[in-house]
There are 2 protein chains.
Amino acid sequence: MTIEEHIKTTSLKPSQRLIINLAYTAQWSNDILLMALKPYDISLQQFNVLRILRGQKGKPANLSTLNDRMVTKASNTTRLVDKLLKKELVNRSTCPSNRRKIEITITEAGLSLLNELDKVVTQAENKITTQLDNNEIEQLNNLLNKLRTETKN
Amino acid sequence: MTIEEHIKTTSLKPSQRLIINLAYTAQWSNDILLMALKPYDISLQQFNVLRILRGQKGKPANLSTLNDRMVTKASNTTRLVDKLLKKELVNRSTCPSNRRKIEITITEAGLSLLNELDKVVTQAENKITTQLDNNEIEQLNNLLNKLRTETKN
DNA sequence: TTACAATATTTGTATATACAAATGTATTAT
DNA sequence: ATAATACATTTGTATATACAAATATTGTAA
């Protein structure tokens with residue numbers, strides 16, 4: 001379905017259509033990922049945090065680092081990590097050299113869950129991008145990056 | 001910033017980068033729109049509903065129609081419309097021919113607010129798309145549509 | 001060293017979202 | 001006409017998000 005068909009409008013300016021298309025397509029993509037994660041009771045944000053922690057390769061991350069690196073901003077990283085802690089997927093301890101900071105690491109259970117999740121998420125990712133060839137994927141990535149380019153002033 | 005710079009990772013597969021880029025760019029775009037609407041205490045969803053109602057040109061819309069046409073799905077259209085009703089931006093009445101249905105129309109106050117919002121939203125829209133020329137905008141729209149193309153089976 | 005500002009996280013609270021169950025109305029089959 | 005089913009919306013409730021204020025710790029300046 002094109003955006004016009006969906007929202008039952010004609011004559012949108014291409015730039016308006018782009019903005020709507022972007023929101024609509026991103027939600028479509030997220031829904032597919034979410035469906036894959038649903039059986040595991042893990043939200044996209046939680047999955048994202050687990051992946052960041054794995055990427056740290058043992059090196060702990062503090063809350064503000066997690067928040068900076070998240071794909072979409074969490075408004076409350078403390079409580080997001082709380083949920084992972086309750087499931088024993090992460091460890092939390094105060095940083096000895098700077099006791100304001102909290103060090104988060106992923107547990108073995110977290111790593112092994114993530115390993116399982118990788119399978120279903122990869123499947124979902126393939127499902128999302130299956131209609132585009134490599135060249136089109138690159139093109140789309142480049143256009144999205146260009147869209148977000150900051151102006152000098 | 002490219003996606004790799006943002007999430008501090010190298011070696012993402014282009015298809016993974018696309019999915020992250022899509023989520024990230026859509027949120028970036030939404031944030032700009034949201035900032036424009038903030039002074040008016042109107043959420044994007046509420047703005048969206050008002051625009052749909054204006055597009056009806058007096059013809060009322062019921063809740064399920066609104067929900068179908070919304071850019072991103074609302075999980076509770078009743079309460080979304082409640083908020084607009086409280087601000088007297090819409091009217092609500094039960095459909096005389098089918099009393100299960102609820103007819104929603106936009107009020108004069110709603111239309112005149114929307115008229116004001118159009119200005120700031122257009123500015124925000126221009127800000128979002130300023131980095132791309134017309135040709136690139138079309139390209140991006142086409143690629144997003146193609147991404148979402150359904151497979152036959 | 002005491003006061004003040006900066007940093008990092010947590011807590012409180014209001015609002016939003018998701019989703020299942022309940023309600024009320026209309027349609028269909030018997 | 002009655003029961004069963006489908007439809008449209010509302011309500012209840014749990015969870016998530018946004019954001020300001022509070023707390024704790026560290027760094028810095030007088």
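Below, chain A is the first sequence line, B the second, and so on; all start at residue 1.
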Does some side-chain heavy atom of A/L18 sit less than 4.5 Å from a side-chain heavy atom of B/I128? no
Whether each nucleotide of nucleotides 8-17 of chain D has a protein heavy atom under 4.0 Å at its base (B), only at its sugar-phosphate (S) or at neither (-) is summarised, 5' to 3', as SSBBBB--SS
Solution key, residues 52-64 of chain A side-chain donor-acceptor pairs under 3.5 Å, sequence neighbours excluded:
from, atom 1, to, atom 2, distance (Å)
A/R54, NH1, A/D118, OD2, 2.8
A/R54, NH2, A/D118, OD1, 3.3
A/R54, NH2, A/D118, OD2, 3.4
A/Q56, OE1, A/R69, NH1, 3.0
A/Q56, NE2, A/K59, O, 3.4
A/Q56, NE2, A/P60, O, 3.3
A/N62, OD1, A/S64, N, 3.4
A/N62, OD1, A/S64, OG, 3.2
A/N62, OD1, A/T65, N, 3.0
A/N62, OD1, A/T65, OG1, 2.7

Check the distance between D/dC7's P and B/D68's CG and give it to me in whole angstrom. 13 Å
Scan residues 23-47 of chain A for pairs that pass salt bridge (Lys or Arg N to Asp or Glu O under 4.0 Å), counting only residues two or more places apart or in two chains. none
Per-pair distances, 0.1 Å, donor-acceptor, side chain in residues 101-109 of chain B, under 3.5 Å, sequence neighbours excluded:
from, atom 1, to, atom 2, distance (Å)
B/T107, OG1, B/E88, O, 2.9
B/T107, OG1, B/L89, O, 3.1
B/T107, OG1, B/A109, N, 3.4
B/T107, OG1, B/G110, N, 3.0

May I have the list of side-chain donor-acceptor pairs in residues 42-51 of chain A shorter than 3.5 Å, sequence neighbours left out?
from, atom 1, to, atom 2, distance (Å)
A/S43, OG, A/Q46, N, 3.1
A/Q46, OE1, A/K87, NZ, 2.8
A/N48, OD1, A/V71, N, 3.0

A/K146 versus A/T149, closest heavy-atom pair with distance: O-OG1, 2.7 Å
Would you confirm whether A/N142, through its side chain, and A/E138, through its main-chain N or O, come within 3.5 Å as a donor-acceptor pair? yes
Please round to 10 degrees the angle between the axis of the first five pairs and the axis of the last five pairs in the helix from C/dT1-D/dA30 to C/dT30-D/dA1. 0°
B/N126, CG atom: more than 12 neighbouring heavy atoms under 6.0 Å: yes
